[in-house]
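Within every chain, numbering begins at 1; the chains are lettered A, B, ... in the order of the sequence lines, protein sequences first and strands thereafter.
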Amino acid sequence: MQAFKNQTLKIYNSLSGKKEVFKPINEGHIGMYVCGPTVYSNVHLGNCRTFMSFDMIFRYFKHLGFKVRYVRNITDAGHLVDDADDGEDKIAKKARLEQLEPMEVVQRYTVDFHNILEKFNFLPPSIEPTATGHIIEQIEIIKTIINNGFAYEVNGSVYFDVTTFNEKKEYGKLSGRKLEDMIANTRELAAQSEKRNPQDFALWKKAEPEHIMRWPSPWGDGFPGWHLECTAMSTKYLGETFDIHGGGMDLKFPHHECEIAQAEACNGHSPVNYWLHANMLTLNGKKMAKSTGNSILPNEIFTGENTFLSKAFSPSVVRFFMMQAHYTSILDISNDALLASEKGFNKLMEAIDSLNKLPVKNNSTFNIEQWRQQCYDAMNDDFNSPILIAKLFEAVKQINLIKEEKGSITQENKTILTETLNSFVFDVLGLEDKNTTDNSSNKIDGVVELLIELRKEARENKDFATSDKIRNQLAEMGIELKDGKEGTTFNIL
RNA sequence: GGCAUCGUGGCCGAGUGGCUAGGCACAGCUCUGCAAAAGCUUGUACAGCGGUUCGAAUCCGCUCGAUGCCUCCA
């Protein structure tokens with residue numbers, strides 16, 4: 001199925017600042033690279049939002065029938081704690097603090113990262129390469145950049161020469177900065193004498209004797225600069241020019257700017273056709289960041305053990321909440337917003353659960369084809385998941401009308417409705433229905449059905465004391481009974 | 001200080017130069033033994049001040065405010 005042939009997809013390209021019609025380099029194929037996490041602590045919710053946005057985009061491409069190679073790296077070296085060129089490596093610092101081998105730190109938090117993503121129902125990327133696994137490729141790129149005259153070696157370290165690069169190419173085009181402005185606004189930094197200019201950034205850093213993470217290179221023992229790994233891995237797996245590069249908004253500068261500079265200095269041309277940037281998740285109106293303490297861990301939401309929220313929320317509710325905002329908008333998380341999303345999510349799931357039993361007539365009161373195309377239109381317009389969800393709720397309304405016998409649907413349309421809802425809700429948005437549950441809850445279902453039957457008999461005998469007792473006690477256990485035209489159904493909260 | 005983004009009804013959040021998403025909350029009605037659920041109905045918002053226009057929340061300018069980046073962060 002190659003549905004993409006019938007759809008025109010528009011994407012907001014950060015590089016041009018415009019929505020552009022998406023045209024992959026090779027028809028039917030997409031290469032997409034997304035900057036992954038630095039695995040030095042537990043992944044926080046803001047990270048998750050970015051990756052979730054690209055998971056949704058990945059899912060939609062696949063749904064349209066594209067063959068996608070999705071590369072998302074793991075940064076396990078080279079990312080410094082402090083100033084870009086003078087700080088301690090994040091992983092190494094954590095290892096020192098926790099008295100672990102750096103690779104123990106990497107392993108621990110990589111496992112955590114995967115666990116959380118699995119709970120959020122992420123699709124795994126096609127390739128998940130690590131920085132330490134690509135030291136050789138990074139060294140090769142540095143050699144080429146030096147040969148091309150855009151980098152210089154000082155005392156065992158190699159720096160990218162931004163000034164020289166800017167004379168031949170353009171440094172700052174992604175983030176809208178001009179090198180002259182940056183020079184004029186440079187703040188005083190101590191002990192930066194090694195570099196020719198403060199704007200220059202490290203491609204390779206000499207390892208001091210106490211530095212644990214080190215590799216041999218033509219310039220002596222050292223470790224690669226942070227920006228380099230993404231250039232090395234994206235080039236290796238997706239080629240010198242590929243379709244999509246994504247990441248968080250905060251990586252636009254300097255990280256992505258430096259990637260462009262490195263790739264152009266190395267290969268002579270632009271590495272990426274479409275740059276996508278996911279916006280920040282804020283908590284209490286401020287950006288979430290581990291370093292400031294204004295952050296919440298996914299598990300703290302799932303368990304309810306946190307100071308920000310009144311109760312626990314499931315991964316699907318959080319996912320639904322995030323999908324209700326456009327990926328390029330700042331989204332503020334709050335207790336009220338999550339409560340509202342939870343109700344909306346449950347309403348959506350109940351409608352989908354009731355599809356099987358939906359009665360069929362020989363006419364439809366719902367223009368299903370038009371509705372379905374509107375769902376695609378929403379996603380084709382820069383992955384507008386909030387509009388898509390609005391459309392899904394239009395379908396929910398129709399389903400409920402049909403249940404109330406105030407509307408009708410044909411078998412053929414019902415099939416389309418079911419397929420479309422399943423595709424968008426589960427395949428594209430990546431939500432999970434909590435009612436698709438395991439064996440033990442099937443038994444609970446059976447018990448509840450029995451109680452519903454007993455209550456029905458009590459009601460028929462006008463024994464409301466008994467019927468209310470059943471209803472109230474189930475409610476206390478978090479099982480809600482709903483009396484409808486077709487009989488009583490229930491919902492486990 | 002520089003660069004950038006944004007400011008939408010009680011809350012969260014889309015969007016377009018005129019036809020004004022959606023969710024949650026609230027109110028009324030229908031249904032119901034009662035309730036819940038579900039359905040229907042109502043709520044006309046776009047920071048402020050100017051300007052362009054037949055018409056702007058949507059375009060332009062200014063003011064105020066918020067956030068992000070400029071230093072590690074998705």
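Here the nucleotide nearest the side chain of N384(A), chosen from G33(B), A38(B), G15(B), is G15(B). Of the candidate nucleotides G15(B), C11(B), U32(B), C11(B) has the atom lying nearest to any side-chain atom of D336(A). In the set A37(B), A38(B), C12(B), the nucleotide with an atom closest to the side chain of A337(A) is C12(B). With G39(B), A37(B), G13(B) as the candidates, the nucleotide lying closest to the side chain of N400(A) is G39(B). Comparing A36(B), C70(B), G23(B) by their closest approach to the side chain of K482(A) singles out A36(B). Closest approach to the L401(A) side chain among G33(B), A38(B), C40(B) is made by C40(B) (side chain taken as heavy atoms from C-beta onward). In this structure, of A74(B), C24(B), C12(B), it is C24(B) that holds the atom nearest to the side chain of K343(A).
If you check every strand for non-hydrogen atoms under 4.0 Å, F253(A) touches sugar and phosphate atoms only. Residue S334(A) is classed as having no contact, given no heavy-atom separation below 4.0 Å to the nucleic acid. Contact annotation for G46(A): base contact, defined as any heavy-atom pair under 4.0 Å involving a base atom. Among the heavy atoms of the strands, none lies under 4.0 Å from A278(A). At the heavy-atom level, D332(A) lies under 4.0 Å from the strands shown only through sugar-phosphate atoms. Residue-level contact check: K391(A) touches neither bases nor backbone, having no heavy atom under 4.0 Å from any strand. At a threshold of 4.0 angstrom between heavy atoms, the contacts of K397(A) are confined to the sugar-phosphate backbone, with no base atom among them. Using a 4.0 Å heavy-atom distance criterion, L338(A) is classed as making no nucleic acid contact. Using a 4.0 Å heavy-atom distance criterion, R49(A) is classed as making no nucleic acid contact.
Base pairing annotation: U53(B) forms no Watson-Crick or G-U wobble pair, as no partner gives both donor-acceptor distances under 3.5 Å. Across the strands present, A66(B) finds its partner in U5(B); the criterion is a Watson-Crick or G-U wobble pair with both atom distances under 3.5 angstrom. Across all strands shown, U30(B) is found opposite A38(B) as a Watson-Crick or G-U wobble partner, with both distances under 3.5 Å. Base pairing annotation: C19(B) forms no Watson-Crick or G-U wobble pair, as no partner gives both donor-acceptor distances under 3.5 Å.
Counting only heavy atoms from C-beta outward, the side chains of S314(A) and R319(A) never approach each other to under 4.5 Å.
With rounding to whole Å, Q398(A) atom CD is found 11 Å from G39(B) atom P.
Between D200(A) and K195(A), the closest heavy-atom pair is O-NZ, 2.9 Å. Taking both residues in full, the closest heavy atoms of W371(A) and A395(A) are given as CZ2-CB, 3.4 Å, listed atom of the first, atom of the second, then distance.
Under the 4.0 Å criterion applied to side-chain N and carboxylate O atoms, D381(A) and K19(A) are assigned as salt-bridge partners.
Applying the 4.0 Å criterion to OP1 and OP2 of A14(B), one finds that S329(A) has a side-chain N or O inside that range.
Not less than 6.0 angstrom separates the ring centroid of H245(A) from the ring centroid of F54(A). Ring centers of F51(A) and F122(A): at least 6.0 Å apart, outside the cut-off.
With hydrogens and angles ignored, no donor-acceptor pair under 3.5 angstrom links the side chain of T282(A) to the base of G68(B). Applying the 3.5 Å distance criterion, the base of A74(B) shares no donor-acceptor pair with the side chain of N279(A).
Per the stacking criterion (ring centres < 5.5 Å, plane angle < 30°), F393(A) does not stack onto the base of G23(B).
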